[in-house]
Q: 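Input: one structure, supplied below.
Each chain gets a letter, A, B and so on, in the order its sequence line appears, and its residues count up from 1.
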2 protein chains.
Amino acid sequence: MKEKELADLADRFRGMLRLAVFVSRRLDGDLELSTTQVSILTMCGGDGLRMGVIAENLGVRVPSATEQVSRLERAGLLERRADPRDARAVVVRRTDAGDRAAADANRRRTARMVDVLETLEPAELEALRTALPVMDKINERLHTISNPKEHIE
Amino acid sequence: MKEKELADLADRFRGMLRLAVFVSRRLDGDLELSTTQVSILTMCGGDGLRMGVIAENLGVRVPSATEQVSRLERAGLLERRADPRDARAVVVRRTDAGDRAAADANRRRTARMVDVLETLEPAELEALRTALPVMDKINERLHTISNPKEHIE
DNA sequence: CTTCATAGTTAGGAAGCCTAAATGTTAGGG
DNA sequence: CCCTAACATTTAGGCTTCCTAACTATGAAG
């Protein structure tokens with residue numbers, strides 16, 4: 001029955017993934033920066049990152065990253081610079097306004113999340129804490145599988 | 001320090017939400033039905049559901065549900081019927097082909113997930129099992145907050 | 001100095017979600 | 001019975017985000 005149990009857990013986990021998307025929408029849906037945009041801003045602190053790295057961190061293709069970065073650049077929150085070591089590459093970095101926007105966005109989202117977490121029992125919080133690293137591991141394992149395609153018309 | 005700990009957990013939880021989106025893409029991205037479409041098919045068994053209920057289950061507005069259902073109807077996997085008790089409403093139900101497609105899609109996705117879960121330790125699986133219901137609770141709590149809007153140009 | 005690989009951008013298109021407005025139905029007062 | 005307000009859904013139009021393919025420019029290796 002080990003096998004059946006695992007399949008059962010897998011099903012419930014799949015349900016949780018859907019729920020996570022749902023929760024993300026509720027959490028970030030009405031704010032002026034999208035979840036992805038905040039992620040980009042957050043990762044582009046310090047010396048900045050190259051476009052390819054941003055794409056990889058986000059789990060999207062490079063052109064998708066280019067698009068988001070261009071938008072944030074237009075908004076004055078990021079800037080592109082030539083990479084001094086490789087003229088093909090760009091380094092994307094937060095501007096001062098970007099620093100403020102990132103801090104602000106993260107503060108607000110975290111505050112919302114805290115509001116929700118405050119309503120949970122200590123044991124439930126502990127359950128979350130324990131499960132978080134497992135999620136990372138699952139993500140790693142999936143890096144071995146698959147790539148997007150088309151859906152039904 | 002209780003407060004700070006909670007904020008910290010909130011941050012890590014936010015990271016996990018992003019990861020869940022990422023994992024969803026990896027898991028379902030190359031299949032012929034989208035995650036949403038499988039959800040709809042799965043929920044429309046038995047006597048079927050009304051459009052509004054489908055939308056609510058998905059966490060989207062009614063027109064978005066209409067669109068998905070129309071697509072699946074065109075593909076022959078769902079059918080619309082008039083609700084005998086309320087001529088304004090429709091009842092959406094799986095066809096026989098829909099039954100097969102739903103079973104098949106769920107089987108394949110679950111199998112993939114099982115492949116990943118098999119690589120985890122028993123304690124890690126237990127951590128997931130324990131955390132799943134907490135996620136549901138978080139979702140409930142969020143039902144009190146917010147609604148989508150526009151992002152930066 | 002060619003040739004091939006690499007980094008990024010541009011162009012075009014698909015999916016999925018939204019709001020606003022239109023259509024038809026039900027239900028409650030007068 | 002009739003009118004108005006609430007409701008269920010669809011249609012139309014638009015935005016975001018992602019993708020692939022093709023193009024530009026630079027780097028690296030023989």
Q: Over all strands shown, is B/S70 touching base, sugar-phosphate only, or nothing at heavy-atom distances under 4.0 angstrom?
A: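 Nothing, no nucleic acid heavy atom in range.
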Q: Quick one: B/R74 CZ to D/dT10 P, roughly how many Å, whole number?
A: 12 Å
Q: Starting at OG1 of A/T95, measure out to CD of A/E73 and round the result to the nearest 0.5 Å.
A: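 Between atom OG1 of A/T95 and atom CD of A/E73 there are 10.0 Å.
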Q: By nearest atom, which of the nucleotides C/dC18, D/dT9, C/dA7 is closest to the A/R50 side chain?
A: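 The answer is C/dA7.
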Q: Hey, is the side chain of B/S34 poking within less than 4.0 Å of OP1 or OP2 on C/dA15, counting only N and O atoms?
A: no
Q: Give the minimum heavy-atom separation between A/A131 and B/A131, together with the two atoms involved.
A: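 Shortest heavy-atom contact: CB-CB, 3.4 Å.
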Q: Round to the nearest Å and state the distance from A/E73 atom CD to C/dT10 atom P.
A: 10 Å
Q: Looking at the side chain of A/M51, which of D/dC18, C/dT9, D/dC19 is the nearest nucleotide?
A: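 Side chain of A/M51 sits closest to C/dT9.
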Q: Check the distance between D/dT9's P and B/E56's CD and give it to me in whole angstrom.
A: 12 Å
Q: Any side-chain N or O of A/S64 below 4.0 angstrom from OP1/OP2 of D/dT17?
A: no
Q: If only side-chain N and O atoms of A/T36 are considered, is one of them under 4.0 Å from the OP1 or OP2 phosphate oxygen of D/dT16?
A: no
Q: Kindly give the atom pairs (protein nitrogen or oxygen, nucleotide nitrogen or oxygen) under 3.5 Å for nucleotides 21-23 of chain D.
A:
none

Q: Tell me: CG of B/L49 to C1' of D/dA8, nearest whole Å?
A: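 After rounding, the gap between these two atoms is 15 Å.
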Q: Please report the distance, rounded to the nearest Å, between CD in A/E32 and P in D/dT16.
A: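 Whole-Å distance recorded here is 14 Å.
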Q: Hydrophobic clustering (ILVMFWY, side-chain heavy atoms < 4.5 Å, transitive) - are A/V21 and B/L17 grouped together?
A: no
Q: Identify every side-chain donor-acceptor pair in residues 123-130 of chain A under 3.5 Å, counting partners at least two apart or on other chains, and give the distances.
A:
from   : atom 1 : to     : atom 2 : distance (Å)
A/E124 : OE1    : A/E121 : N      : 2.9
A/E124 : OE1    : B/K137 : NZ     : 3.3
A/E124 : OE2    : B/K137 : NZ     : 2.9
A/E126 : OE1    : A/R129 : NE     : 3.3
A/T130 : OG1    : A/E126 : O      : 2.8

Q: Can you check whether B/Q68 has a side-chain N or O nearer than 4.0 Å to OP1 or OP2 of C/dC17?
A: yes
Q: OP1, OP2 of D/dT17 versus side-chain N and O of A/R61: anything below 4.0 Å?
A: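 False: A/R61 side-chain N/O out of range (4.0 Å or more) of D/dT17 OP1/OP2.
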Q: Across the strands shown, which category fits B/E67 at heavy-atom distances under 4.0 angstrom: base, sugar-phosphate, nothing?
A: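 Answer is base: heavy atoms of B/E67 come under 4.0 Å of a base.
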Q: Could you pull out all residues at least two apart from A/E118 that satisfy salt bridge (charged side-chain N to carboxylate O under 4.0 Å, His left out)?
A: none
Q: Please report, to 0.1 Å, the donor-acceptor pairs under 3.5 Å made by any side chain of residues 40-48 of chain B, with sequence neighbours excluded.
A:
from  : atom 1 : to     : atom 2 : distance (Å)
B/T42 : OG1    : B/V38  : O      : 2.7
B/T42 : OG1    : B/N106 : ND2    : 3.1

Q: For B/D104, what residues pass the salt bridge (charged side-chain N to carboxylate O under 4.0 Å, His left out) criterion, not counting sequence neighbours?
A: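 For B/D104, the residues satisfying salt bridge (charged side-chain N to carboxylate O under 4.0 Å, His left out) (neighbours in sequence not counted) are B/R107, B/R108.
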Q: Whole angstrom is fine here: how far is it from CD1 in A/I54 over to P in D/dC18?
A: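 It is 13 Å, rounded to the nearest whole Å.
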Q: Take A/R80 and A/S70, measure what side chain to side chain donor-acceptor pair (under 3.5 Å) needs, and give me the verdict at the end.
A: CA-CA 9 Å; A/R80 278 179 171 87; A/S70 297; 3.1 Å; yes
Q: How close do B/V92 and B/M51 get, counting heavy atoms only, and between which atoms?
A: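 Reported closest heavy-atom pair: CG2-CE, 4.0 Å.
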Q: When you check the phosphate oxygens OP1 and OP2 of C/dA15, does a side-chain N or O of B/Q37 lie under 4.0 Å from one of them?
A: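 Answer is no, no contact under 4.0 Å.
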Q: Does A/R112 pair with A/D115 as a salt bridge, N-O distance under 4.0 Å?
A: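 The answer is no: the pair does not qualify as a salt bridge.
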Q: Which parts of residues 79-94 of chain B get close to DNA chain C, meaning a heavy atom less than 4.0 angstrom away?
A: B/D86, B/A87, B/R88
Q: Choosing from D/dT17, D/dT11, C/dG16, which nucleotide comes nearest the side chain of B/T66?
A: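 Of the options given, the side chain of B/T66 lies nearest D/dT11.
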